[in-house]
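Letters A, B, ... mirror the listed sequences (proteins, then strands); counts begin at 1.
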Amino acid sequence: MGGYNGGEMLDRKLIRENAEMVRAGALRKGVDAPVDEFLKVDEEWRASVAELESYKSELNSISKSIGQLIGQGKKEEAEAAKQKTSDIKEAIKELEPKERELEAKLQDIELKFPNLPHDSVPDGKDADDNVTIREWGTRPEGEFLPHYEIAEQLGLIDFERAVKVSGSGFAVYTGAGAKLQRAIINFLADFQSEKRGYTEVWPPALVLSSSLVGTGNLPKFADDLYGTVDDLWLIPTAEVPVTNLYRDEILDAEQLPLKVCAYTPCFRREAGAAGRDTRGILRMHQFDKVELVKYVLPENSYDELEALTNDAEQVLQALGLHYRVILLCAGDMGDKGCKCYDIEVWSPGEQRYLEVSSCTNFEAYQSRRANIRFRREKGAKPEFVHILNGSGTAVPRLLVAILETYRQPDGSIMIPEALRPYFGADSIPAN
RNA sequence: GGACAGAUGGCUGAGUGGUCGAAAGCGCCCGCCUGCUAAGUGGGUAAGGGGCGAUAGCCCCUUCAUGGGUUCGAAUCCCAUUCUGUCCGCCA
């Protein structure tokens with residue numbers, strides 16, 4: 001049993017008992033959470049539940065006594081007891097829809113509550129208030145081409161035929177481009193599983209809507225997703241199937257932290273406007289990614305976030321790509337997260353940083369929705385695990401950075417050392 | 001896609017209208033016993049929500065795949081759905 005029991009982001013008790021703290025936290029995210037409305041409806045709901053349950057209790061005890069009377073052969077007394085139930089049944093019939101209505105109303109209100117930002121998250125409204133935590137490597141100097149020109153010159157990506165086949169927002173990788181794509185994927189999956197201690201899984205790319213509810217993509221963000229005529233949806237990220245692996249389960253504390261990595265293609269409608277992000281392969285309806293997901297003890301989740309971020313950063317270091325790590329401010333983080341680092345790789349061709357990973361601690365937000373818990377010891381009450389995830393990393397923007405960073409004066413591409421065993425050559429020759 | 005069978009607690013598995021939240025076994029926990037172990041023995045062992053008291057504890061409601069229905073009362077009867085197994089067909 002269990003599963004999705006509402007739309008709540010937060011524990012009802014937390015809001016009840018720490019109303020002002022919740023209000024202040026939401027405000028930091030720029031959300032004026034309906035705390036007062038919640039408290040009012042919550043009280044009405046609880047009163048309604050109590051009333052309904054007292055009637056049910058009465059009915060149950062009468063039913064029980066009828067059973068006993070029949071057992072003792074006292075038929076008339078049993079008949080008399082039956083008469084008493086009709087009023088109670090009537091009252092229950094009347095109260096039940098009222099209770100359900102209040103519950104639904106409460107859930108609507110709860111949907112308006114964001115997950116609360118951690119104390120270490122800076123105040124701020126939007127991306128301008130994000131804080132650069134650290135940089136690695138140095139920005140390459142010189143003249144650089146954008147990746148789509150390089151790709152065209154070397155015949156790595158066929159944009160025109162991609163449009164013919166699938167419309168805009170897709171790429172056809174060809175020849176060395178296709179091979180490089182596969183090399184990057186294999187490198188990333190091996191790196192995270194063999195060097196960083198993640199268990200690799202290969203999940204389905206189509207999932208039931210119930211899985212998308214568990215991660216918070218539905219019902220709110222259906223427009224971002226590709227659906228099918230069945231109740232199956234194309235995943236926007238491996239986060240969805242992987243986070244749902246342990247849905248409705250109670251884990252042992254010794255199993256934690258549970259670290260899972262998964263390569264999948266990702267599908268996003270991204271009903272976004274055309275702009276500089278849409279040029280080349282920077283923003284696509286289908287792209288590839290290795291995702292990292294961790295299920296951890298609540299008291300460790302912020303240390304685990306640092307470690308997760310580092311696992312993603314190590315990819316870029318292994319490839320020798322310049323990057324920076326950004327700590328998102330409260331207002332730029334979105335509703336679901338408590339703390340989030342973006343890792344941005346330097347694109348010499350674009351002369352700007354590109355997001356290749358977003359490492360987030362959701363605390364219990366997803367575990368509450370997906371009902372994933374753990375027990376500290378035998379007999380202890382189950383608690384929600386904390387769930388974190390981050391890309392480790394996205395492939396297309398990595399490819400962009402590699403092509404642009406490692407293009408040689410003669411027009412060839414030098415393949416980074418770490419990728420050579422996968423690519424099977426040192427370079428992509430110039431045409 | 002067609003036919004049949006099934007879905008019960010951590011697991012195995014009984015239960016076809018009335019103290020059944022559910023026998024029994026296994027596992028696990030606490031105690032006793034034995035020089036240790038094994039064996040034996042007594043007891044305890046589902047989850048969610050609400051209320052009282054608020055470190056304990058007590059009371060109530062809900063849950064035997066899911067959603068509806070019949071009934072004073074359902075694990076047990078009826079309907080729908082989902083999933084699993086077996087056989088057949090089809091397919092990379």
Using a cut-off of 4.0 Å on non-hydrogen atoms, how would the nucleic acid contact of A:Lys84 be classed: base, sugar-phosphate, or nothing? nothing
Nearest whole Å is fine: how far is B:C60 C1' from A:Glu51 CD? 15 Å
Matching residue for A:Val290 among A:Thr264, A:Asn186, A:Leu188 - test: side-chain contact (heavy atoms from CB on, under 4.5 Å): A:Leu188
Taking a pair as Watson-Crick or G-U wobble with both distances under 3.5 Å, which nucleotide is matched to B:U84? B:A5
P gap between B:G42 and B:C87, integer Å: 46 Å
Calculate the interatomic distance between A:Arg247 atom CZ and B:C83 atom P; express it in whole Å. 13 Å
The side chain of A:Arg373 is closest to which nucleotide in this list: B:G48, B:C72, B:G50? B:G48
May I ask you to verify if any side-chain N or O of A:Lys13 is less than 4.0 angstrom from the OP1 or OP2 atom of B:G50? yes
B:C52 phosphate, OP1 or OP2: any side-chain N/O from A:Arg46 under 4.0 angstrom? no
Which nucleotide in the set B:C60, B:U62, B:G18 lies at the smallest distance from any side-chain heavy atom of A:Ile66? B:G18
Please state the P separation for the pair B:U84 and B:U8 - nearest whole angstrom. 14 Å
Take atom P in B:G10 and the same atom in B:G69, then report the distance between them in whole Å. 28 Å
Using a heavy-atom cut-off of 4.0 Å across all strands, would you classify A:Ile62 as base, sugar-phosphate, or nothing? nothing
Which is true for A:Arg16 with a 4.0 Å heavy-atom rule: it touches a base, it touches only sugar-phosphate, or it touches nothing? sugar-phosphate
Just checking A:Lys56: base, sugar-phosphate only, or nothing, at a heavy-atom cut-off of under 4.0 Å? sugar-phosphate
Provide, to the nearest angstrom, the distance between the CZ atom belonging to A:Arg12 and the P atom belonging to B:G48. 15 Å
Atom pair distance, as rounded to whole Å: NZ in A:Lys89 and P in B:U71: 6 Å
Rounded to the nearest angstrom, tell me the gap between atom CD in A:Glu99 and atom C1' in B:U62. 11 Å
When you compare B:U45 with B:A5, how far apart are their P atoms, in angstrom units rounded to a whole number? 38 Å
Take the protein atom CH2 of A:Trp45 and the nucleotide atom P of B:U62, then report the distance between them rounded to whole Å. 15 Å
Mind calculating the distance between CD (A:Gln83) and P (B:C72) to the nearest angstrom? 10 Å
Verify the distance criterion only: is there a donor paired with an acceptor across the side chains of A:Gln107 and A:Glu103 at less than 3.5 Å? yes
Closer to the 5' end of RNA chain B via nearest nucleotide, is it A:Ile70 or A:Ser54? A:Ile70
Taking B:C30 as the reference, what is the distance to B:G17 when you measure between their P atoms (whole Å, please)? 42 Å
Residue of the set A:Lys294, A:Lys259, A:Lys339 for which salt bridge (charged side-chain N to carboxylate O under 4.0 Å, His left out) holds with A:Glu304: A:Lys294
If I pick the P atom on B:A39 and the same atom on B:A75, what distance separates them, to the nearest angstrom? 38 Å
If you compare every side-chain N and O of A:Asn371 against the phosphate oxygens of B:G48 (OP1, OP2), does one of them come in below 4.0 Å? no
Determine, using ring centers only, whether A:Tyr246 and A:Tyr295 are less than 6.0 Å apart. yes
From the list B:G50, B:C60, B:U19, which nucleotide is the closest neighbour of the side chain of A:Ser57? B:C60
Are A:Met333 and A:Val121 packed together at the side-chain level, in the sense that at least one heavy-atom pair is separated by less than 4.5 angstrom? yes
With the side chain defined as heavy atoms from C-beta on, A:Asn60 is closest, among B:U62, B:G18, B:G50, to B:U62
Which base sits across from B:G21 as a Watson-Crick or G-U pair, both distances under 3.5 Å? none
In whole angstrom, give the distance that lies between atom CD1 of A:Ile92 and atom P of B:U62. 9 Å
Pairing partner (Watson-Crick or G-U wobble, both distances under 3.5 angstrom) of B:C90: none
Between A:Asp42 and A:Arg16, is there a side-chain N and carboxylate O pair less than 4.0 Å apart? yes
Going by atom types only, do A:Glu306 and A:Tyr341 share a side-chain donor-acceptor pair under 3.5 Å? yes
What integer number of Å spans the C1' atoms of B:U81 and B:A23? 31 Å
Counting only side-chain heavy atoms from C-beta out, which of B:G50, B:C72, B:C61 sits nearest to A:Ser63? B:C72
Looking at every strand, decide which applies to A:Leu59 at a 4.0 Å heavy-atom threshold: base, sugar-phosphate, or nothing. sugar-phosphate
Base-pairing assignment for B:C33 (Watson-Crick or G-U wobble, both under 3.5 Å): none
Verify the distance criterion only: is there a donor paired with an acceptor across the side chains of A:Gln181 and A:Asp288 at less than 3.5 Å? yes
Looking only at atom P, what distance separates B:C83 and B:G21, rounded to whole Å? 31 Å
